[in-house]
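Residue numbering restarts at 1 for every chain, and letters A, B, ... go by the order of the sequence lines. What you see below is based on every heavy atom in this structure, not just the backbone, and it leaves out hydrogens, waters and symmetry mates.
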Amino acid sequence: MFLQQLVNSIVIGSVYALTAMGATLVYGILRVLDIANAGAYAVGAYIGMAIYALTGNLFVSLIATLIISGAIGICLEKFIYLRLLDKPSIVPLITSIGVFIFIEDLLRLLNGPYAKRFPAKLPFSGIQLSSVSIPATWILVMVVTAVLLFILWYILYHTRIGLAWRATAQDMETAKAMGVNINLVVALNFLLGYGFAAVAGSLIGIMYNSISPTMGDTPAYKMLAIIVLGGLGNPVGTVLAALIIGLVETFLGGYIGFFLPRDAIAFVALIIMLLIRPKGLFASNNA
Amino acid sequence: MYGIVVAINVGIFAILALSVNIITGYAGQPNLGQASFFGIGAYTTAILAGKYGVGFLPSLIISGFIAGIVGLLLGLASLRVRDDFLAITTIGFNFVVVAIFQYVPFFGASMGLSIPPLKLFGYPVGYVGLFIIILLLMLLVILFTKRMERSWIGIALVSIRNNEEAAESLGIDTRKFKVISFGIGTLIAGFAGSVYAYYMGFIMSYNFQFMTSITILSMAVVGGLGTIAGPIIGAIVLGLAPEIFRFVSDYRLLIYGAILILMMSFQPQGLVGDGSIFANIVRKLRPKTSGVDQ
Amino acid sequence: MILQGKDIEKSFGGLKALNGVSFELGNNEVLGIIGPNGAGKSTLFNIICGVYSPTKGSIHFEGKNITGLKPHDIARLGIARTFQIAHAFRDMTVLDNILTALGIDEYNGIVSMFKLAKKSDTVESAMSYIELLDLKDAANKKAGELSLGMMRRLEIARALALRPKVLMLDEPCAGLSYDDADEFINLISMLKGQKISIMMVEHNMNVAMRACDRLVVLNFGEKIAEGTPNEIQNDPLVIEAYLGKEE
């Protein structure tokens, strides 16, 4: 039972990590709280399903989901966010909420308000180890997350553009002065940010065999709690925070029992953290 | 009959937009959880009036103060950190408050709470009476905001919104003023919640969701933060939009999202905010005054 | 002596930005803090104004230890400051910018903060500072619409409206034209006549030499020289520190 819950929590934590990564990357560079990023989550689920229905190939559908949603992200950045950066931070924030509402409602109008099925046939089967059973969909979620996060880590820490990303996150003006191609960094940022959230939505759709226009609602806000817990704009902290929230939710919500619904747990954790460690769980203590 | 219901709704949301305006408009502190204080006010009244038979005026006042005290505490806790944290804390607080209303039996859990019809001096107060009460409350809030705008606290808050470091350097305890703005703004939201509870007769956690916070803030932003007319106009425009766009009711949220995006892209100061097209026209038409108070 | 710093040390992470710097500001004196980029001038300035607290050492104002006080407390005691990057309240008119400083005695009480701000005598007093800094024509303009030179004057007017005993100026001439800088030096000598002690961080050697009575030279977080502009000009250590630097 315990091991089963542990695996379960890792699966949930993986999806959270992938979803929250987009907002973390965007915040890291632009200092904008991008709620619309969770819109990509639902968009990704629908694109993934459509392409899967068309091609029957899961791999192709996931890659296409990442690229198409990433392209949508780049469009949002170019046509909407980039022009709002010098405005007070409430302006891009409200804009991103507008974008989120718009995306969600567009999905509803195009696909109807009801949940649809996303029946994917996986090329491998689940694992049964004495008391622990791991369905094939869970394996898919964990493997895809691990691969994507590895790619992100490699890009950030072992490529020139990753160095540029980190320099820009530190100080955009200085990076610009040093000749970093900011436009490229920001575009890559949105490509990966929206792409990752979209893949996360696709994976959740496959795991629960259900997608709906409002499926991004809860992740949209939970993701915010996670990125703050992770230290706002810190990719590694975000992954850790996502796994912790996955763990706490699974054990407090399912194992021990808790009087609040599981979706509120992330925020309770957030408020407790603010009282105890106001700079974030993994923030360094530099002045 | 139908008209008065719409008017009451717009009135309550105008008060709420004015309340968030004090925190976000004047002091410049993002608050995306105003609906939770609205809810705390409504639930306090539901418990006082519904469970203990407390009268209108005491219920109203206590509801406001409880919301205001919770607001003060949240402000104290989260203002130790960056502004962006504050935005997210207020969102998180909203979710936690709604979850408590929804799951704790004392707050009616998923059954909600009911409130007896409002009576004053033994006479039942109908929708028209309620609307008058709302207008009076709104008038009080407007007068209060006007006074605030012209006094030292108003100057201090706007200076903090403009440049916190400079405000500090002029002897303004920025943290204290931010917390005060939180207290005042949430107190007013609590009053609005109390009246709302009487108007609805029955409340559920659903009424105070995060989406309601977004609506409240959007009204203030679309109308024009940091002005008095702005939030009221915003509440009227966004409050009436669903009625006007009835014929395209299926596209309501789509239009709503688009309005937010377009307003923020092309007129981020809001409809009547400083430097908006509308404000510039008014400025040209009006003769210059010295603005000295005697 | 009105303001004194003793053995001030400040490190960020492992980096020592200031290492045992002491200084004294005399009554009615103009003291300049100069030094190459990264010498620790701004750090020292921010420690005095309460933005940072020092790792070691202390600041005394009129004999009272003010180390670690918050910026608003320090402003209240009578130490006013300006900023290197213009910090005008851009949405507010020039008049309202000045009024903000005049409210200093009203911000403490919950009742007094609701008193009307624009009483005629307060406005009159604000106008006197506006006229002093030659901003009269712009009094009802939004501060955000001002030129950089005017914004700097506005900041000085605003700081003076606190009626400070010490005025701290952080690179007041950065970005100013030669004429504006000239005007600024006249302003300094006029303020001296009004019994205000001034401490300024200045990058521009020419301005510092002409405006200040005494200079403290910092390099790599340490004080390398102190004296009158004349003495400093001929100090071999200072020349070395600035050597190869085209300012």
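Only the side chain of B:I214 comes within less than 4.5 Å of a heavy atom in chain A; its backbone stays farther off. Both the backbone and the side chain of A:L106 come within less than 4.5 Å of a heavy atom of chain B. Neither the backbone nor the side chain of A:I103 comes within contact range of chain B; no heavy atom of the residue lies under 4.5 Å from a heavy atom of that chain. For B:M211, the part lying near chain A is the side chain, with the backbone staying farther off; criterion is any non-hydrogen pair under 4.5 Å. Of the two parts of A:L270, only the side chain, counted from C-beta on, holds a non-hydrogen atom closer than 4.5 Å to a non-hydrogen atom of chain B. With a 4.5 Å cut-off on non-hydrogen atoms, B:L32 touches chain A through its side chain but not through its backbone.
Remark: aromatic rings of B:Y43 and B:F101 are close, center separation under 6.0 Å.
Side-chain contact between B:S265 and A:R83 is present, with at least one heavy-atom pair separated by less than 4.5 Å.
With sequence neighbours left out, the ring-ring contact (aromatic ring centres under 6.0 Å, His included) criterion links A:Y194 to A:F190.
Every pair passing side chain to side chain donor-acceptor pair (under 3.5 Å) that includes a residue from residues 94-107 of chain A is listed here, sequence neighbours excluded: A:D105-A:R108.
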Determine whether A:I226 and A:I244 satisfy the following criterion, side-chain contact (heavy atoms from CB on, under 4.5 Å), listing intermediate values before the conclusion.
CA-CA 9 Å; A:I226 290 170; A:I244 290 175; over 6 Å; no
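Of the listed residues (A:I90, A:L109, A:L93), the one with the most heavy-atom contacts under 4.5 Å to chain B is A:L109.
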